[in-house]
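Everything on this sheet refers to the single structure shown next.
Note that the structure is predicted; figures quoted are calculated from it, not measured.
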Amino acid sequence: MATINAPSLDSVQYVGDRGLAAEHGYVTLNAAAAGTKIRLLDFSAGTKIHDAKLVYGALGAGSKVSIGIEAFDGTAFAEDAAILLAATDTAAAGVARSAAAPVKKKVRYFVTATVTGAAATGRLDLTVLQSPEGI
C-alpha cells in the first residue's frame, strides 16, 4: 500500500482564535491504486473534528474513497481508515458528507483518504470543521 503526502500538508492554515475553524485538504491523484493512503491534514493533539465534507471529481469506474485518521507516529492508536466517511463511490463527480460523531484524539494525527475498489485519477478536496480543544 502506497502512502502519499498531499500538498495541503505543507500549507499553513490560519484558524484564528475562535472555537471552530475550517481546514482544507486537497490532492490530485494520478492512477492511485486501490489501497493507496493520502495524508491530507495534520492535526495537533486535542483537536476535535466536528464535520467533514468531501468534494471529488470523476475518479474512474469502480473507484471509491474513504476518509479516516492515522496516528502521526503510527502507534498511538489503531488507524481507522473510515471513521469519518465510509467508502464512497467516486466514479462520477460528487459531494459526500460525514455522518460521524465528533472525533478527538489525545495525540497528533493525520486525516487520511484511502482509495478502495479501482485506481483513482482526479481531484479530491476535503473540508474539515475542527476545534483545537487541547488534551
Legend entry - Distance in Å, Leu9 CG paired with Arg39 CZ, rounded so as to fall on 0.5 Å steps: 8.0 Å

Legend entry - Approximate separation, where rounding is to 0.5 Å, of Lys104 NZ and His50 NE2: 9.0 Å

Legend entry - Minimum side-chain heavy-atom gap Val111-Leu84 below 4.5 Å: yes

Legend entry - All side-chain contact (heavy atoms from CB on, under 4.5 Å) counterparts of Arg97, not counting sequence neighbours: Asp51, Lys53

Legend entry - Which atom of Ala100 lies closest to which atom of Ser98, heavy atoms considered: N-OG, 3.1 Å

Legend entry - pair Arg108-Phe43: side-chain heavy atoms closer than 4.5 Å: no

Legend entry - side-chain contact (heavy atoms from CB on, under 4.5 Å) between Val103 and Ile83, worked out: CA-CA 8 Å; Val103 174; Ile83 194 169; 4.0 Å; yes

Legend entry - Minimum-distance pair of heavy atoms, taken over all atoms of Ala82 and Ser66: CB-CB, 4.1 Å

Legend entry - Minimum heavy-atom distance between His24 and Thr127, given as atom pair plus value: CD2-OG1, 4.3 Å

Legend entry - Exam field: side chain Thr112 to backbone Glu70, donor-acceptor pair closer than 3.5 Å: no

Legend entry - Distance under 6.0 Å and angle within 45° of ring axis: Lys105 vs Phe77: yes

Inset, instruction - Name the orientation class of the two ring planes belonging to Phe72 and Phe110 (parallel below 30°, tilted from 30 to 60°, perpendicular beyond 60°). - result: tilted

Legend entry - Flag side-chain contact, heavy atom, 4.5 Å: Thr3 against Thr36: no

Legend entry - Any donor-acceptor pair under 3.5 Å from Thr121 side chain to Ala31 backbone: yes

Legend entry - Heavy-atom pair of closest approach, residues Ala120 and Ser63: CB-CB, 4.2 Å

Inset, instruction - Can you measure from CD (Glu23) to CG (Leu126) and round to the nearest 0.5 angstrom? - result: 10.5 Å

Inset, instruction - From the options Leu54, Ile49, Thr47, select the one residue that forms a side-chain contact (heavy atoms from CB on, under 4.5 Å) with Val128. - result: Ile49

Inset, instruction - Show your reasoning for whether side-chain contact (heavy atoms from CB on, under 4.5 Å) applies to Leu29 and Ile4. - result: CA-CA 9 Å; Leu29 301 172; Ile4 297 170; 4.2 Å; yes

Legend entry - Partners passing side-chain contact (heavy atoms from CB on, under 4.5 Å) against Ala6 (at least two apart in sequence or in another chain): Ser8, Val27, Ile38, Leu40

Legend entry - Ala61 versus Ala91, closest heavy-atom pair with distance: CA-CB, 4.1 Å

Inset, instruction - Hey, could you give me the CD1/CG distance between Ile67 and Leu124, rounded to the nearest 0.5 Å? - result: 7.0 Å

Legend entry - Gap between atom CG of Asp73 and atom OH of Tyr109 - 0.5 Å precision: 14.0 Å

Legend entry - Inter-residue atom distance Leu59.CG - Lys64.NZ, 0.5 Å rounding: 13.0 Å

Legend entry - Shortest non-hydrogen contact between Ala96 and Tyr56, atoms and distance: N-CE2, 4.1 Å

